[in-house]
Amino acid sequence: LKDSEIIFLREKLEEANMHNKAIEKRLNQSGQLSVLDNLHITGLSPSHFIMVLRHAVRSIRNFVRLVVDEMRSAGWDIDAAVDAIEQNVVYMAEDHKCFAMEAFVCREMFDAFHIPNFSLSSESPLEKNRRQQWFFGKFNELKSMKAKDYLAERPRSSFAKYCRVKYLGLVHPKMESSFFGNLSQRNLVNTGGGFPDTAFFTSFAEMAKRVWLLHCLAFSYEPQASIFQVGKGCRFSDVYMESVNDEIFLYSEVESDPQVAFTVVPGFRIGKTVLQCQVYL
């Protein structure tokens with residue numbers, strides 16, 4: 001009877017996973033935040049930020065999956081790559097190592113998030129009220145466009161500069177060379193002559209667009225939304241943190257308040273609202 005139940009539950013799990021993948025595919029294909037089309041700056045609430053944050057995290061995970069697939073195809077030692085990112089971490093499961101990759105991507109993409117335009121340009125106005133309106137305008141301008149279309153139309157925009165800087169920082173020359181056999185994408189980005197028309201760069205640009213949208217939205221609030229993360233060795237707090245490996249609490253040998261190994265996705269504060277950072281324990 002138990003064997004039959006296990007088989008039945010496995011089938012249900014497989015069915016649920018297929019259903020989730022179909023939903024995720026539809027979400028990524030639509031990719032637009034059309035529900036925010038008629039939003040005014042006076043109506044902004046933390047729920048709008050949460051929606052855009054989830055949108056961004058989903059695209060970060062898609063890009064990480066793509067990178068890991070390329071690594072495997074190119075014969076990379078995934079364990080060595082993960083150990084280079086986060087040292088001395090014991091993972092509860094083999095597939096948890098992707099969280100270290102995700103943490104690396106988030107660190108690069110969110111670096112200088114708290115500075116207007118990620119400190120890459122002084123394009124926005126200095127006055128606080130005008131700056132709010134400016135960033136909200138930029139949010140609406142990019143929101144309904146595909147990243148590659150926006151980059152083609154505005155190759156000298158702050159967002160285009162952000163894409164160039166983050167791509168060069170995130171994708172190491174050795175990585176690109178081993179994935180594609182050359183550095184043509186990097187060279188095109190580096191020279192400022194345009195942007196690659198490849199599936200890899202398109203995935204990167206879509207991720208960059210969603211983080212940039214979140215950044216623009218953060219500066220549309222009064223006071224602006226702030227970003228935070230926690231360091232290695234911090235005690236877990238369910239007020240400021242959400243664990244990506246909750247199963248750790250099921251193990252009796254683990255201390256009652258486990259420590260943070262690394263932050264996967266940063267957290268945010270919007271006024272008195274705290275959006276927990278995601279951590280690996």
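This is a predicted model, so every value here is computed, not measured.
- For Phe113 and Phe268, the ring centers are positioned less than 6.0 Å apart.
- Residue pairs meeting the ring-ring contact (aromatic ring centres under 6.0 Å, His included) criterion with at least one member in residues 227-247, sequence neighbours excluded: Phe236-Phe249.
- Of the possible donor and acceptor atoms, one in the side chain of Asn182 sits under 3.5 Å from a partner among the backbone N and O of Ser184.
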TODO: Evaluate the criterion side-chain contact (heavy atoms from CB on, under 4.5 Å) for residue pair Phe63 and Leu170; output intermediate values, then yes/no.
DONE: CA-CA 11 Å; Phe63 183 70; Leu170 190 63; 3.7 Å; yes

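- We find the CG-CD distance between Asn129 and Glu222 to be 7.0 Å, quoted to the nearest 0.5 Å.
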TODO: Go through the steps to decide whether Glu206 and Ser59 satisfy the test side chain to side chain donor-acceptor pair (under 3.5 Å), and finish with yes or no.
DONE: CA-CA 7 Å; Glu206 183 59 34; Ser59 66; over 6 Å; no

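- For the 3.5 Å distance criterion, the side chains of Thr263 and Gln278 fail to qualify, holding no donor opposite an acceptor.
- A 6.0 Å sphere centred on CG of Asn88 holds no more than 12 heavy atoms belonging to other residues, nucleotides or ligands.
- One finds the CG atom of Asn190 at 11.0 Å from the OH atom of Tyr167 (value rounded to the nearest 0.5 Å).
- Between the Asp77 side chain and the Ala80 main chain, a donor and an acceptor come within less than 3.5 Å of each other.
- With a 6.0 Å radius and a threshold of 12 heavy atoms from other residues, nucleotides or ligands, Leu126 has its CG atom at or below the threshold.
- Under a cut-off of 6.0 angstrom, the local environment of CD in Glu127 is crowded, with over 12 non-hydrogen atoms contributed by other residues, nucleotides or ligands.
- No side-chain donor-acceptor contact under 3.5 Å links Ser220 and Gln132.
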Open item on the list: Checking Trp212 against Phe118 for the ring pair (Phe, Tyr, Trp, His ring centres under 6.0 Å) test, could you report, in this order, the C-alpha distance in whole Å, the side-chain angles of both residues, the deciding distance, and whether it holds?
Closed with: CA-CA 9 Å; Trp212 185 264; Phe118 289 86; 5.7 Å; yes

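- Glu5 has no carboxylate O lying under 4.0 Å from a charged side-chain N of Lys2, or vice versa, which leaves the two without a salt bridge.
- Considering NE2 of His114 and NE2 of His215, their distance stands at 10.0 Å, rounded to 0.5 Å.
- Ring pair Phe99/Tyr280 is tilted by interplanar angle, where 30° to 60° counts as tilted.
- Taking CZ from Phe195 and CG from Leu188, the interatomic distance works out to 8.5 Å, rounded to the nearest 0.5 Å.
- More than 12 heavy atoms of other residues, nucleotides or ligands sit less than 6.0 Å from atom CG of Asp69.
- With hydrogens and angles ignored, the 3.5 Å screen pairs no side-chain donor or acceptor of Gln224 with any backbone N or O of Phe219.
- Between Phe179 and Trp76, the ring planes are tilted. Angles from 30° to 60° get that label.
- Among Arg61, Lys97, Arg65, the one residue that satisfies the side chain to side chain donor-acceptor pair (under 3.5 Å) test with Glu102 is Arg61.
- Listed for the Tyr221 side chain is no donor-acceptor partner under 3.5 Å among the backbone atoms of Ser226.
- Salt bridge annotation for Arg107-Glu86: present, with a cationic side-chain nitrogen under 4.0 angstrom from a carboxylate oxygen.
- A distance of 13.5 Å separates CZ in Phe135 from CG in Asn140, rounded to the nearest 0.5 Å.
- Atom CZ of Arg269 sits about 11.0 Å away from atom CD1 of Ile227, to the nearest 0.5 Å.
- Note on ring orientation: taking the six-membered ring where Trp is involved, the planes of Phe201 and Phe204 are tilted (angle from 30° to 60°).
- The backbone N or O of Val171 lies less than 3.5 Å from a partner atom in the side chain of Arg186, making a donor-acceptor pair.
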